[in-house]
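Since the structure comes first, as structure tokens, the remarks are kept for the end.
Side chains are part of it too, since the values below use all heavy atoms of this structure and drop only hydrogens, waters and symmetry mates.
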Amino acid sequence: MLQHNFDESMDRRHTQCKKWDTYGEDVIPMWIADTDFKCPEPIVKAVKRRAEHEIYGYPCIDRSYEKSVCHWQKCRFDWNVEPDWVEYTPAVVPAIVYAMRAFTNPGDAILVQMPAYHPFHQVIPHNGRYIAPNRLIENNDGSWSVDWDDLEEKLSMPRTTMFLLCNPHNPTGRCFTREELGKINDLCIKHHVFVVSDEIHSDIIYKGFRHIPFGSISQSAANNSIVCINPSKTFNIAGFRTGAVIIPNRNNHDRFYSELENLKAFGRNIFGTLAVQTAYTECEYYADQLVGYLQKNLEYTHAFLEENIPQIKLGQIQATYLLWLDCRSLHMPHNELMDFFLKKAKVALNDGYTFGAGGDGFMRFNIACPKSQLEEALKRMAAAVQNLIKEGMLNV
């Protein structure tokens with residue numbers, strides 16, 4: 001079996017890298033959701049071989065892409081997906097837009113669990129729809145749970161026609177159980193609400209938890225949903241802008257594809273599809289080793305915060321490499337909190353305020369990096385908080 005060196009540090013500056021080239025060179029970027037790990041060796045070799053052909057014309061469709069998606073869903077999640085259910089899309093967020101256009105109308109409401117991945121707050125109103133917010137409940141131990149009464153109230157509203165589910169949930173790190181997903185499905189069937197499940201983080205699941213694809217839980221769920229996937233988070237191939245949707249119901253599939261045709265969004269990326277196929281057929285070893293490495297980074301971060309920065313709290317993280325840091329004990333409004341980490345600690349995080357209701361006072365922290373980088377970022381954060389205490393700006 002191949003072994004990947006996740007401790008290797010890569011210089012990503014000046015490579016048109018959004019993560020590293022957005023801020024100054026004295027800042028450690030721990031924000032946007034890509035990793036600082038090299039891609040798996042099989043992907044690198046496959047792309048190099050294809051590049052050496054020196055002609056990059058229109059590709060044909062030979063179904064190998066669809067079959068690779070089926071293979072991954074079976075070997076990782078025990079879901080028997082048929083190739084005819086799979087459709088190529090240029091990433092997950094565009095797929096969500098196509099689904100909104102296919103299954104809802106302007107003026108409809110789309111239910112989103114809050115706090116929510118910040119692009120959801122943009123693409124829904126930009127396409128003439130409204131957000132119906134279902135705020136997750138923050139428990140005393142820092143975990144998050146569904147507010148079922150509010151969920152059903154929002155689903156029962158006549159204008160609510162779609163539930164945009166994020167599972168695993170970004171940014172809270174929740175991995176919904178089969179029982180929870182079944183209850184969500186029952187409520188959506190009851191109130192005639194279609195489900196679009198964003199499962200882009202499905203490979204990053206920690207010990208004691210398991211990802212359940214929404215479309216796999218029952219025939220009724222399969223007939224009333226679209227599952228959006230993309231290996232970009234797992235294998236650090238986001239720049240290829242290539243994903244897929246899984247749509248078991250033929251009528252739903254046809255409706256979705258009609259939007260791809262309307263927007264001429266069905267042309268495939270030769271390097272993107274090759275990278276995804278290689279990831280899903282040759283790189284299971286990498287996904288396993290990645291999760292093991294991230295588990296250690298997560299445990300290290302928990303311990304470091306408890307010992308050195310108790311003012312910043314971290315609840316239970318079940319999935320994703322994006323940690324939802326509770327910084328409310330620093331008593332700063334969100335704009336000052338962002339500046340504090342960026343200008344005082346010299347660490348770039350995502351502003352929790354941009355994730356909507358329930359996000360104010362939180363920051364999103366990406367641990368998908370070599371441990372040495374994680375250690376340095378946490379040390380900077382600890383030093384900045386200690387300076388606040390020394391200056392009398394924070395009581396302990």
What do you reckon, is [atom1] of [X] surrounded by more than 12 foreign heavy atoms closer than 6.0 Å?
{"X": "Met157", "atom1": "CE", "value": "yes"}
{"X": "Lys38", "atom1": "NZ", "value": "no"}
{"X": "Asn140", "atom1": "CG", "value": "no"}
{"X": "Gln16", "atom1": "CD", "value": "no"}
{"X": "Glu261", "atom1": "CD", "value": "yes"}
{"X": "Asn335", "atom1": "CG", "value": "yes"}
{"X": "Lys67", "atom1": "NZ", "value": "no"}

Give a yes or no on whether the backbone of [Y] and the side-chain of [X] come within a donor-acceptor separation of less than 3.5 Å.
{"X": "Tyr130", "Y": "Ile124", "value": "no"}
{"X": "Arg174", "Y": "His169", "value": "no"}
{"X": "Asn236", "Y": "Phe37", "value": "yes"}
{"X": "Arg328", "Y": "Gly361", "value": "no"}
{"X": "Asp141", "Y": "Ser143", "value": "yes"}
{"X": "Gln277", "Y": "Ser68", "value": "no"}
{"X": "Arg268", "Y": "Thr273", "value": "no"}
{"X": "Arg129", "Y": "Met100", "value": "yes"}
{"X": "Asp21", "Y": "Thr15", "value": "yes"}
{"X": "His121", "Y": "Phe355", "value": "yes"}

Rounded at 0.5 Å granularity, tell me how far [atom1] in [X] sits from [atom2] in [Y].
{"X": "Leu322", "Y": "Leu349", "atom1": "CG", "atom2": "CG", "result": "11.5 Å"}
{"X": "Asn127", "Y": "Ile96", "atom1": "CG", "atom2": "CD1", "result": "11.0 Å"}
{"X": "Leu305", "Y": "Leu314", "atom1": "CG", "atom2": "CG", "result": "6.0 Å"}
{"X": "Lys18", "Y": "Tyr23", "atom1": "NZ", "atom2": "OH", "result": "9.5 Å"}
{"X": "Leu2", "Y": "Glu41", "atom1": "CG", "atom2": "CD", "result": "5.5 Å"}
{"X": "Leu374", "Y": "Met30", "atom1": "CG", "atom2": "CE", "result": "5.0 Å"}

Work out which heavy atom in [X] is nearest to a heavy atom in [Y]; give both atom names and the distance.
{"X": "Asn297", "Y": "Cys369", "answer": "ND2-O, 3.0 Å"}
{"X": "Arg12", "Y": "Thr35", "answer": "NH1-O, 2.9 Å"}
{"X": "Pro248", "Y": "Trp79", "answer": "CG-CZ2, 4.3 Å"}
{"X": "Arg364", "Y": "Pro171", "answer": "CD-CB, 4.1 Å"}
{"X": "Asp150", "Y": "Arg135", "answer": "OD2-N, 4.0 Å"}
{"X": "His4", "Y": "Gln289", "answer": "N-OE1, 2.9 Å"}

Anything under 30° is parallel, anything over 60° is perpendicular, the rest tilted; go ahead and classify [X] against [Y].
{"X": "Tyr117", "Y": "Phe120", "answer": "perpendicular"}
{"X": "His201", "Y": "Tyr321", "answer": "perpendicular"}
{"X": "Tyr65", "Y": "Tyr88", "answer": "perpendicular"}

Any side-chain heavy atom of [X] sitting closer than 4.5 Å to one from [Y]?
{"X": "Asn366", "Y": "Ile32", "answer": "no"}
{"X": "Ile229", "Y": "Ile246", "answer": "yes"}
{"X": "Lys296", "Y": "Lys371", "answer": "no"}
{"X": "Pro115", "Y": "Trp144", "answer": "yes"}
{"X": "Phe365", "Y": "Leu378", "answer": "yes"}
{"X": "Leu342", "Y": "Val27", "answer": "yes"}
{"X": "Ser232", "Y": "Asp34", "answer": "no"}
{"X": "Asn308", "Y": "Gln386", "answer": "no"}

Notebook entry, point to check: Between Glu66 and Ile61, does a side-chain contact (heavy atoms from CB on, under 4.5 Å) hold up when you go through it step by step?
Noted result: CA-CA 10 Å; Glu66 288 84 349; Ile61 299 174; 4.2 Å; yes
Check ion pair [X]-[Y] (N to O, under 4.0 angstrom):
{"X": "Asp186", "Y": "Lys190", "result": "no"}
{"X": "Asp84", "Y": "Arg250", "result": "no"}
{"X": "Asp288", "Y": "Arg76", "result": "yes"}
{"X": "Glu376", "Y": "Arg380", "result": "yes"}

Side-chain heavy atoms under 4.5 angstrom apart, residues restricted to Ile, Leu, Val, Met, Phe, Trp, Tyr: same cluster for [X] and [Y]?
{"X": "Tyr280", "Y": "Tyr286", "answer": "yes"}
{"X": "Ile237", "Y": "Val245", "answer": "no"}
{"X": "Ile270", "Y": "Phe266", "answer": "no"}
{"X": "Ile205", "Y": "Ile317", "answer": "no"}
{"X": "Phe256", "Y": "Leu165", "answer": "no"}

Next item on the list: Indicate whether the side chain of Glu25 and that of His14 have a donor and an acceptor atom separated by less than 3.5 Å.
Entry: yes
Checklist line | Donor-acceptor pair between Thr161 and Asp108 side chains, under 3.5 angstrom | finding: yes
Next item on the list: With side-chain contact (heavy atoms from CB on, under 4.5 Å) as the test, would you mind laying out the steps for Phe235 and Leu290 before giving the verdict?
Entry: CA-CA 9 Å; Phe235 302 103; Leu290 171 69; over 6 Å; no
Next item on the list: Starting from the C-alpha separation in whole Å, work towards a yes-or-no answer on ring pair (Phe, Tyr, Trp, His ring centres under 6.0 Å) for Tyr56 and Phe271.
Entry: CA-CA 9 Å; Tyr56 316 120; Phe271 289 104; 5.5 Å; yes
Check: Under the side-chain contact (heavy atoms from CB on, under 4.5 Å) criterion, do Gln311 and Ile389 qualify, and how do the steps go?
Finding: CA-CA 11 Å; Gln311 297 84 1; Ile389 296 171; 3.7 Å; yes
Next item on the list: Quickly, which of Ile217, Asn167, Thr177, Asp78 forms a side-chain contact (heavy atoms from CB on, under 4.5 Å) with Ile212? Name it, please.
Entry: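 Between Ile212 and the candidates, side-chain contact (heavy atoms from CB on, under 4.5 Å) is satisfied uniquely by Ile217.
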Notebook entry, point to check: What residue among Val112, Leu151, Val196 forms side-chain contact (heavy atoms from CB on, under 4.5 Å) with Phe163?
Noted result: Leu151
Check: Stepwise, does the side-chain contact (heavy atoms from CB on, under 4.5 Å) test hold for Phe341 with Cys327?
Finding: CA-CA 11 Å; Phe341 285 109; Cys327 303; 3.9 Å; yes
